[in-house]
Amino acid sequence: MAELRRTTWCGEVKQELVGTQVCVAGWVDRRRDHGNVVFINLRDRTGNVQLVFDPGFDASVMSTAQDLRLEYVVAAKGTLVNRAPEAVNDKIPTGHFEIKISQVVLYAKSEALPFQLEAAEKVTEELRLKYRYLDLRRVAMHRMMKLRHELVFSIRDYMNNLNFYEIETPNLSKSTPEGARDFLVPSRMNKGTFYALPQSPQIYKQLLMVGGMERYFQIARCFRDEDLRSNRQPEFTQLDIEMSFINEEDVYDVCEGLMQRLWKQFLNIDLPRPFRRYSFDEMFCRFGSDKPDMRFGLEINDVTPVFAPIQIGFLQEILVASGKVGALCVKNKIFSRSELDHWVDRVTKEFKSKGLIYVRFNEDKTPTGPLAKQLPATFFEDMKKQIPDLTEKDTLFIVASDFDDAWDILGKLRIELGKTLQLIDKNRYEMFWVTEFPMFEWNKEEQRWDAKHHPFTSPNAGWRDLPLKEVKARAYDLVCNGEELGGGSIRIHDAQTQAAVFELLGLSPEETKQKFGFLLEAQQFGYPPEGGIAFGVDRLVMILGGTESIRDVIAFPKTQKGSCLMMETPSEVDQKQLRELGIKVL
Ligand code: ASP
């Protein structure tokens, strides 16, 4: 096959090149055959340019041009010229130019695509994922991949400037307790034993600090075998960071500088520093979440005192059991009956609430709604003491339960109301730290304490004197627009505290030794005070790229069921392979 060498990208032809010979290569994006003249729009990674084939030239060039169909792969050479004024297309950056082709090479033909690239938004995502390599040809996907590349490149540059080393850690590893299930890999050479794919490089990075590396980062792949709620992937990418001889302020400093740089570079937004800081308790009380979206208000009001004296059986039961009543006050909004039914339905089914009470007011401020008859005449005034800006034009949504559950449900309802009522300003970025997390979290199903962050997180000084539910951790999350961008902690520094925490989490000394003996041992050999953080790279790209789906920012993502529709993974393997591994499928 004859060869033509590309001299310029399609999207980058420019005035200086007019009158010269240029050679472009790419895919046929569009064709118009005007009988004697053929126009081809050729596409490469950078954009589109118009090629003109007219019969004044070589007959073989013309016959190739006539054969060209969509997505054929060609290289073409000719003179770059300015289009006639009436033919200028202002919609594309190269719309002032065209190339009069004198030579063309057809590298490959293409079958008709299973879907039209420009109509990709209209086909099912399954079809796009099955033919992901075609889906990737779309401009939107190119934009995301480019953004992702530039983001990672920028992060590396920033970290390098701050004297961090990029160090790779193994993927064939041992279980790390980040709270999810491990993916296991059977060992052939040591039958009956398994590696775990790392849920994060957590333990390695702590050991790197023992190794005196001082400042580490990695763009690390992490694996968590979770049921994939929306926007989760079984493997995802973290910017993982660890530093020695530091405290929280140093971590905040590095991270705020990085976020400032990325927001400036990709959105041209100046994030003011220092970032605000809030305690976990404050966030949960106000928003029912540890990662609240602060682009809108609709905060949760504690209205327990209003209901305490009212004799409504089920509410009294909840209050007697130290429960709480919380309310969202939707300003100036009269919902229709069917809208209210819709919210009751969602809150009970989706958020697993036992119920949702709504209250509206008549013009004379008397309450209406299912419970209205049982509410006292003073209800509006009583409420106004808790919600000072309450008016009779507002609607209240009320949930009663134990505090954690009620506030969690109201927090979720708040977000959904915010979206539906369009209270969220999409052009705003509300970034802040959440600190003073609880160290432990009661696991109702398993009836035991779990680590809220992970078991290597240092509790605050004096923790031994407190009941476990009051112990706070030296942990911090960076939150933006309702998403956790990153989270980390100052680590436990001594083997005794580490062993005590493992024990409280229900690990026996034998289990601890088997799982983390090497860490406890390492802590005896001169372990520096240290801490770190990890950011979700996929999430960062999503926010900076303005997309809501994690699958848009990953070249080859998995579906909600954890499968790759293109390669059809996971898939069965040969009996021979299983025999070699000493494994039998039940
Ligand atoms: N390993 C933690 C995580 O993946 C982050 C950290 O504590 O640095 O969430």
For this session: Keeping to residues at least two apart or across chains, list the salt bridge (Lys or Arg N to Asp or Glu O under 4.0 Å) pairs with something in residues 492-508.
Result: none
For this session: Locate the shortest heavy-atom distance separating A400 from V325; write the atom from each residue and the value.
Result: CB-CG2, 4.0 Å
Exercise. Quick one: salt bridge (Lys or Arg N to Asp or Glu O under 4.0 Å) partners of R337, sequence neighbours excluded?
Worked result: D341
Exercise. So, N171 versus Y195: side-chain donor-acceptor pair below 3.5 Å or not?
Worked result: no
For this session: Decide whether R148 and T237 meet the rule of one side-chain donor and one side-chain acceptor closer than 3.5 Å.
Result: yes
Exercise. Does R143 reach the main-chain N or O of G545 with its side chain, forming a donor-acceptor pair under 3.5 Å?
Worked result: yes
For this session: Look at atom CD of Q447 and say whether more than 12 heavy atoms of other residues, nucleotides or ligands are closer to it than 6.0 Å.
Result: yes
Exercise. Does L413 reach the side chain of L328, with side-chain heavy atoms less than 4.5 Å apart?
Worked result: yes
Problem set entry | Any side-chain donor near an acceptor of the partner, N481 and D293, under 3.5 Å | no
Exercise. Among side-chain atoms of D182 and Q199, is any donor-acceptor pair under 3.5 angstrom?
Worked result: yes
Exercise. Residues two or more places apart in sequence or in another chain: which of them pass salt bridge (Lys or Arg N to Asp or Glu O under 4.0 Å) with E510?
Worked result: none
Problem set entry | Polar side chain donor-acceptor pair, Y204 to Q206, under 3.5 angstrom | no
Seminar exercise, completed: Residue set satisfying side chain to side chain contact (heavy atoms under 4.5 Å, CB included) with K412, at least two apart, ordered chain then number -> F351, D408
Exercise. Distance from S549 atom OG to I554 atom CD1, nearest 0.5 Å?
Worked result: 8.5 Å
Can you list, pair by pair, the side-chain donor-acceptor contacts under 3.5 Å of residues 253-263, counting residues two or more places apart and other chains?
| from | atom 1 | to | atom 2 | distance (Å) |
| --- | --- | --- | --- | --- |
| D253 | OD1 | R273 | NH2 | 2.7 |
| E256 | OE1 | R273 | NE | 3.3 |
| E256 | OE1 | F275 | N | 3.3 |
| E256 | OE2 | F275 | N | 3.3 |
| E256 | OE2 | W433 | NE1 | 2.8 |
| Q260 | NE2 | L271 | O | 2.9 |
| R261 | NE | S154 | OG | 2.9 |
| R261 | NH2 | S154 | O | 3.4 |
| R261 | NH2 | S154 | OG | 3.3 |
| R261 | NH2 | D157 | OD2 | 2.8 |

Seminar exercise, completed: Interatomic distance, SG@C564 vs NZ@K130, rounded to 0.5 Å, equals 10.5 Å
Exercise. Of all residues at least two apart in sequence or in a different chain, which pass the side chain to side chain contact (heavy atoms under 4.5 Å, CB included) check with R276?
Worked result: Y278, M294, E430, F432
Problem set entry | Shortest non-hydrogen contact from Q496 toward R464 | O-NH2, 4.4 Å
For this session: Please collect all salt bridge (Lys or Arg N to Asp or Glu O under 4.0 Å) contacts where either partner lies in residues 299-308, sequence neighbours excluded, each pair once.
Result: R286-E299, D302-K324
Problem set entry | side chain to side chain donor-acceptor pair (under 3.5 Å) partners of residues 379-390, not counting sequence neighbours, each pair once | T378-D382
Exercise. Of all residues at least two apart in sequence or in a different chain, which pass the side chain to side chain contact (heavy atoms under 4.5 Å, CB included) check with Q560?
Worked result: S230, R551
Problem set entry | Which residues share a salt bridge (Lys or Arg N to Asp or Glu O under 4.0 Å) with K469, sequence neighbours left out | none
Problem set entry | ring-ring contact (aromatic ring centres under 6.0 Å, His included) partners of residues 467-495, not counting sequence neighbours, each pair once | Y252-Y476, H493-Y527
Exercise. Do R474 and E248 sit within salt-bridge range, that is, some charged N less than 4.0 Å from a carboxylate O?
Worked result: yes
Exercise. With sequence neighbours left out, what residues match K354 under side chain to side chain contact (heavy atoms under 4.5 Å, CB included)?
Worked result: none
